[in-house]
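Since the structure is predicted, the reported quantities are computational estimates derived from the model, not experimental observations. In what follows, every heavy atom counts, from backbone to side chain, and hydrogens, waters and symmetry copies are set aside.
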Amino acid sequence: MAIMNMKELVKNDHELSIRLMRSSPVGPIIIAADSDGLTLLSIITEDEFPYISNRTADADSVRIADMALSQLADYFSGKRTDFTLPLDLKSATDFQREVLLETVQIPYGQVRTYGGVAISIKRPQAARAVGGALAHNPIGIIIPCHRVVAHNGHLRGFSSPHGISTKAVLLEHEGILIEGERVLPAAA
């Protein structure tokens with residue numbers, strides 16, 4: 001999600017509960033939820049803090065946002081390897097939703113290729129489109145697009161303030177060995 005869109009989203013949508021994780025191994029994170037589920041999890045920069053603050057909407061969105069914050073803290077502390085949160089993907093296209101729901105099935109500590117995800121959704125020629133859909137993943141980490149790599153194991157594209165280096169940090173956190181910008185073959 002583009003930063004400008006995120007600023008507008010959190011500024012204007014009073015139906016969202018918003019939580020900030022000010023410190024994590026990948027930097028500050030914003031979490032937003034509505035009553036249907038988690039709508040946003042994005043790594044942000046310190047410069048974006050003036051635009052964002054914790055916000056409380058209805059009880060369901062508060063519960064979901066607080067659960068996401070707690071589960072994310074557990075993930076980074078090594079106590080959690082999967083997430084049990086409702087996801088709200090109504091803003092995604094049908095194809096994006098299909099890719100995101102397939103990606104959420106990739107287990108902790110494992111990687112898939114863009115082509116492998118395309119095959120899993122029965123669109124074997126759609127590897128580039130899978131990459132495009134993952135570039136617009138609104139719920140990073142929870143929908144683990146960081147676990148998707150190029151066919152040769154190289155880390156490609158990651159929409160966060162520090163790009164591929166953030167992807168490498170997340171993969172290494174999960175025990176995947178990285179050399180340069182490539183997953184070592186034992187993990188691929």
Side-chain angles (χ1 to χ4, degrees), residues 1-13 15-22 24-45 48 51-52 54-55 57-58 60-76 80-112 114 117 120-121 129-149 157-164 166-167 169-171 173-174:
M1 176 171 282
I3 299 306
M4 179 63 90
N5 291 341
M6 182 175 59
K7 286 179 186 175
E8 291 302 312
L9 174 74
V10 299
K11 184 171 127 183
N12 296 326
D13 194 334
E15 302 297 319
L16 293 176
S17 286
I18 297 171
R19 297 293 181 263
L20 289 171
M21 177 177 272
R22 294 196 178 272
S24 83
V26 293
I29 296 173
I30 182 174
I31 296 167
D34 63 18
S35 60
D36 294 327
L38 193 63
T39 60
L40 177 73
L41 189 149
S42 185
I43 301 164
I44 59 175
T45 67
E48 294 170 287
Y51 301 99
I52 303 166
N54 285 325
R55 180 188 306 149
D58 64 89
D60 287 336
S61 67
V62 168
R63 180 183 53 78
I64 294 165
D66 288 345
M67 281 176 34
L69 186 62
S70 175
Q71 289 186 23
L72 193 61
D74 287 349
Y75 168 81
F76 283 125
R80 176 174 287 278
T81 60
D82 62 342
F83 298 93
T84 55
L85 297 162
L87 305 177
D88 181 352
L89 298 173
K90 63 180 161 262
S91 65
T93 67
D94 289 343
F95 179 75
Q96 289 169 331
R97 192 174 304 106
E98 189 176 13
V99 169
L100 296 171
L101 291 175
E102 182 61 31
T103 302
V104 83
Q105 301 301 317
I106 301 170
Y108 179 96
Q110 295 183 27
V111 295
R112 299 287 182 273
Y114 295 100
V117 173
S120 294
I121 63 170
V130 164
L134 293 176
H136 294 94
N137 177 5
I139 308 173
I141 303 173
I142 307 293
I143 299 177
C145 55
H146 61 279
R147 296 180 189 151
V148 184
V149 300
F158 194 67
S159 300
S160 78
H162 300 289
I164 291 172
T166 300
K167 188 172 192 166
V169 167
L170 290 168
L171 291 172
H173 169 74
E174 295 184 11

How long is the span from the [atom1] atom in [X] to the [atom2] atom in [Y], to the nearest 0.5 Å?
X      : Y      : atom1 : atom2 : answer
Thr93  : Leu100 : OG1   : CG    : 8.5 Å
Gln71  : Arg80  : CD    : CZ    : 3.5 Å
Ile141 : Met21  : CD1   : CE    : 8.5 Å
Arg19  : Leu41  : CZ    : CG    : 13.5 Å
His173 : Ser24  : NE2   : OG    : 10.0 Å

Where [X] and [Y] come nearest, the two heavy atoms and their spacing:
X      : Y      : result
Met67  : Thr84  : CE-O, 3.6 Å
Val99  : Ile121 : CG2-CD1, 3.8 Å
Ile64  : Leu85  : O-CD2, 4.2 Å
Pro107 : Arg112 : CD-NH2, 3.7 Å

Side chain to side chain donor-acceptor pair (under 3.5 Å) with Asp74: which residues, sequence neighbours excluded?
->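 Partners of Asp74 under the side chain to side chain donor-acceptor pair (under 3.5 Å) test: none.
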For side chain to side chain contact (heavy atoms under 4.5 Å, CB included), just list the numbers for Leu20 and Ile44, CA-CA rounded to whole Å, side-chain angles, deciding distance to a tenth of an Å, and then say yes or no.
-> CA-CA 10 Å; Leu20 289 171; Ile44 59 175; 4.1 Å; yes
Would you call [X] and [Y] a side-chain contact if the rule is heavy atoms closer than 4.5 Å?
X      : Y      : result
Val117 : Leu134 : no
Val148 : Val111 : no
Gln110 : Arg147 : no
Leu89  : Leu101 : yes
Thr103 : Ile106 : yes
Leu170 : Phe76  : yes
Ser17  : Asp66  : no

Sole residue of Val104, Ile139, Val130, Asn137 in side chain to side chain contact (heavy atoms under 4.5 Å, CB included) with Cys145 =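 It is Asn137; the other options fail the test.
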Residue pairs, two or more places apart or on separate chains, that pass salt bridge (charged side-chain N to carboxylate O under 4.0 Å, His left out) and touch residues 90-103 =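 Only Asp34-Lys90, Asp36-Lys90, Asp88-Lys90, Asp94-Arg97, Glu98-Arg123 qualify under salt bridge (charged side-chain N to carboxylate O under 4.0 Å, His left out).
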For Asp60, check side-chain contact (heavy atoms from CB on, under 4.5 Å) against everything at least two apart and list the hits.
->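 Scan of Asp60 (side-chain contact (heavy atoms from CB on, under 4.5 Å), adjacent residues dropped) gives Ser35, Asp58, Arg63.
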Only counting residues at least two apart or in another chain, list the ones meeting side-chain contact (heavy atoms from CB on, under 4.5 Å) with Ala129.
->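 Partners of Ala129 by the side-chain contact (heavy atoms from CB on, under 4.5 Å) criterion, ordered by chain and then number, come out as Phe95, Ala126.
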Taking only residues two or more places apart in sequence or in another chain, which ones pass salt bridge (Lys or Arg N to Asp or Glu O under 4.0 Å) with Asp82?
->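 Residues passing salt bridge (Lys or Arg N to Asp or Glu O under 4.0 Å) with Asp82: none at all.
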Please list every donor-acceptor pair under 3.5 Å in which a side-chain atom of residues 25-33 meets a protein atom from a residue at least two apart or in another chain.
none

Check the angle between the aromatic planes of Phe83 and Tyr75 and answer parallel, tilted or perpendicular using the 30° and 60° thresholds.
->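 Answer is tilted, since the angle falls between 30° and 60°.
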